[in-house]
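Presented below is the structure to which this report refers.
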Amino acid sequence: MTISMFGIKNCSTVKKARTWLEERGVAYTFHDYKTAGADEALVRRFVKEHGWEALLNRAGTTFRKLPVADRENIDEEKAIALMLANPSMIKRPVLDLGKKTLVGFKHEVYEAAVPATRA
C-alpha cells in the first residue's frame, strides 16, 4: 500500500504528522501544495469523503484575507474553487491511505489507521 501525504512542508501540523510517520518507519510520499498545486480530482475525492466543511480551512490567514464576498455563501462548488485557487485553504495534512483518507493530525487517529508495517 502506498501512503501519500498532502500539505505544505512548513505547516507545523504537517511537520508533526511527518515526524510521527518517520519515527515509526512508515514509508510515504509527500505532495506539497505550495510547489505542486492541488489536483481537482483529488480535492473532489477528499470532499466526497469528508465534506467540504471539514476540508476547507477557515481558520487560516489565507481564508481570513479573502474579500468578504468570497467568504460568504459558500457551497461545495465554491469551496472546491477556493481550495483549488488557494491550496493553503485545504485543511492539512490529508493522509491518503488508499481506501480512506485522514484530515488533520491526531496521534490516536493515526495510531488506529496507519498500518504498522515498517519502511
Side-chain angles (χ1 to χ4, degrees):
M1 168 196 339
T2 301
I3 296 174
S4 299
M5 181 181 289
F6 298 83
I8 297 170
K9 72 177 179 179
N10 292 330
C11 169
S12 61
T13 307
V14 168
K15 287 179 183 179
K16 289 175 191 174
R18 291 181 78 176
T19 297
W20 189 94
L21 291 171
E22 290 161 8
E23 285 176 349
R24 285 152 183 82
V26 177
Y28 67 96
T29 60
F30 183 70
H31 177 98
D32 191 337
Y33 293 133
K34 289 284 189 189
T35 58
D39 177 77
E40 183 174 357
L42 271 175
V43 171
R44 288 188 179 280
R45 187 176 133 224
F46 300 158
V47 166
K48 184 176 181 181
E49 184 175 350
H50 299 281
W52 68 266
E53 298 92 338
L55 200 60
L56 181 64
N57 181 6
R58 296 181 197 210
T61 57
T62 304
F63 184 83
R64 292 193 316 262
K65 287 182 179 179
L66 287 175
V68 173
D70 289 345
R71 290 184 275 145
E72 293 178 337
N73 301 317
I74 298 177
D75 60 10
E76 183 173 302
E77 286 305 312
K78 185 174 182 180
I80 290 170
L82 286 170
M83 290 184 281
L84 290 172
N86 302 286
S88 296
M89 285 190 223
I90 302 171
K91 193 167 215 169
R92 47 195 188 266
V94 176
L95 190 67
D96 187 350
L97 300 171
K99 295 191 183 228
K100 76 178 201 170
T101 58
L102 307 176
V103 176
F105 174 68
K106 292 186 178 172
H107 295 269
E108 62 276 6
V109 174
Y110 270 45
E111 200 70 53
V114 177
T117 53
R118 299 266 176 191

Transitively linked via ILVMFWY side-chain contacts under 4.5 Å: [X] with [Y]?
X: Val26; Y: Phe105; result: yes
X: Leu66; Y: Val43; result: yes
X: Met83; Y: Ile74; result: yes

Go through the structure and list residues passing side-chain hydrogen bond (donor to acceptor under 3.5 Å, both in side chains) with Thr61, not counting sequence neighbours.
->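 For Thr61, no residue satisfies side-chain hydrogen bond (donor to acceptor under 3.5 Å, both in side chains) once neighbours in sequence are set aside.
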Sequence neighbours left out, what passes side chain to side chain contact (heavy atoms under 4.5 Å, CB included) with Ala113? Give chain and number order.
->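 Per chain and number, Ala113 pairs via side chain to side chain contact (heavy atoms under 4.5 Å, CB included) with Leu97, Lys100, Leu102.
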Sequence neighbours left out, what passes side chain to side chain contact (heavy atoms under 4.5 Å, CB included) with Glu53? Give chain and number order.
->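 Listed in chain order: nothing, the list is empty.
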For Glu49, salt bridge (charged side-chain N to carboxylate O under 4.0 Å, His left out) partners two or more places apart =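 Salt bridge (charged side-chain N to carboxylate O under 4.0 Å, His left out) list for Glu49, sorted by chain: empty.
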Output all residues satisfying salt bridge (charged side-chain N to carboxylate O under 4.0 Å, His left out) with Glu77, sequence neighbours left out; order by chain, then residue number.
->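 Expected list: Arg44.
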Value rounded to 0.5 Å, distance of [atom1] in [X] from [atom2] in [Y]:
X: Leu55; Y: Ile80; atom1: CG; atom2: CD1; result: 9.0 Å
X: Ile3; Y: Leu21; atom1: CD1; atom2: CG; result: 6.5 Å
X: Met5; Y: Thr101; atom1: CE; atom2: OG1; result: 12.5 Å

May I have all residue pairs that pass salt bridge (charged side-chain N to carboxylate O under 4.0 Å, His left out) and include part of residues 59-71, sequence neighbours excluded?
->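 Qualifying pairs: none.
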Which pairs with one or both residues in residues 84-94 pass side-chain hydrogen bond (donor to acceptor under 3.5 Å, both in side chains), sequence neighbours excluded?
->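 Every pair satisfying side-chain hydrogen bond (donor to acceptor under 3.5 Å, both in side chains) with a residue in residues 84-94: Lys34-Ser88.
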Scan for side-chain hydrogen bond (donor to acceptor under 3.5 Å, both in side chains) pairs involving residues 11-21, sequence neighbours excluded, and state none if there are none.
->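 For residues 11-21, and leaving out neighbouring residues, the side-chain hydrogen bond (donor to acceptor under 3.5 Å, both in side chains) pairs sorted by first residue read Arg18-Tyr28.
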Kindly give the heavy-atom pair with the smallest separation between [X] and [Y], and that separation in Å.
X: Tyr110; Y: Ala17; result: OH-CB, 3.7 Å
X: Val103; Y: Ala54; result: CG1-O, 4.0 Å
X: Trp52; Y: Val47; result: N-CG1, 3.7 Å
X: Ala38; Y: Leu84; result: O-CD2, 3.7 Å
X: Asn57; Y: Ala59; result: OD1-N, 3.1 Å

Can you list the residues that meet the ring pair (Phe, Tyr, Trp, His ring centres under 6.0 Å) rule with His50, with sequence neighbours excluded?
->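 Ring pair (Phe, Tyr, Trp, His ring centres under 6.0 Å) check on His50 returns nothing, list empty.
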Could you pull out all residues at least two apart from Phe6 that satisfy ring pair (Phe, Tyr, Trp, His ring centres under 6.0 Å)?
->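 Residues passing ring pair (Phe, Tyr, Trp, His ring centres under 6.0 Å) with Phe6: His31, Phe46.
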Given Leu42, Leu95, Thr29, Val94, the one that forms side chain to side chain contact (heavy atoms under 4.5 Å, CB included) with Ser4 =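 Answer after filtering Leu42, Leu95, Thr29, Val94: Thr29.
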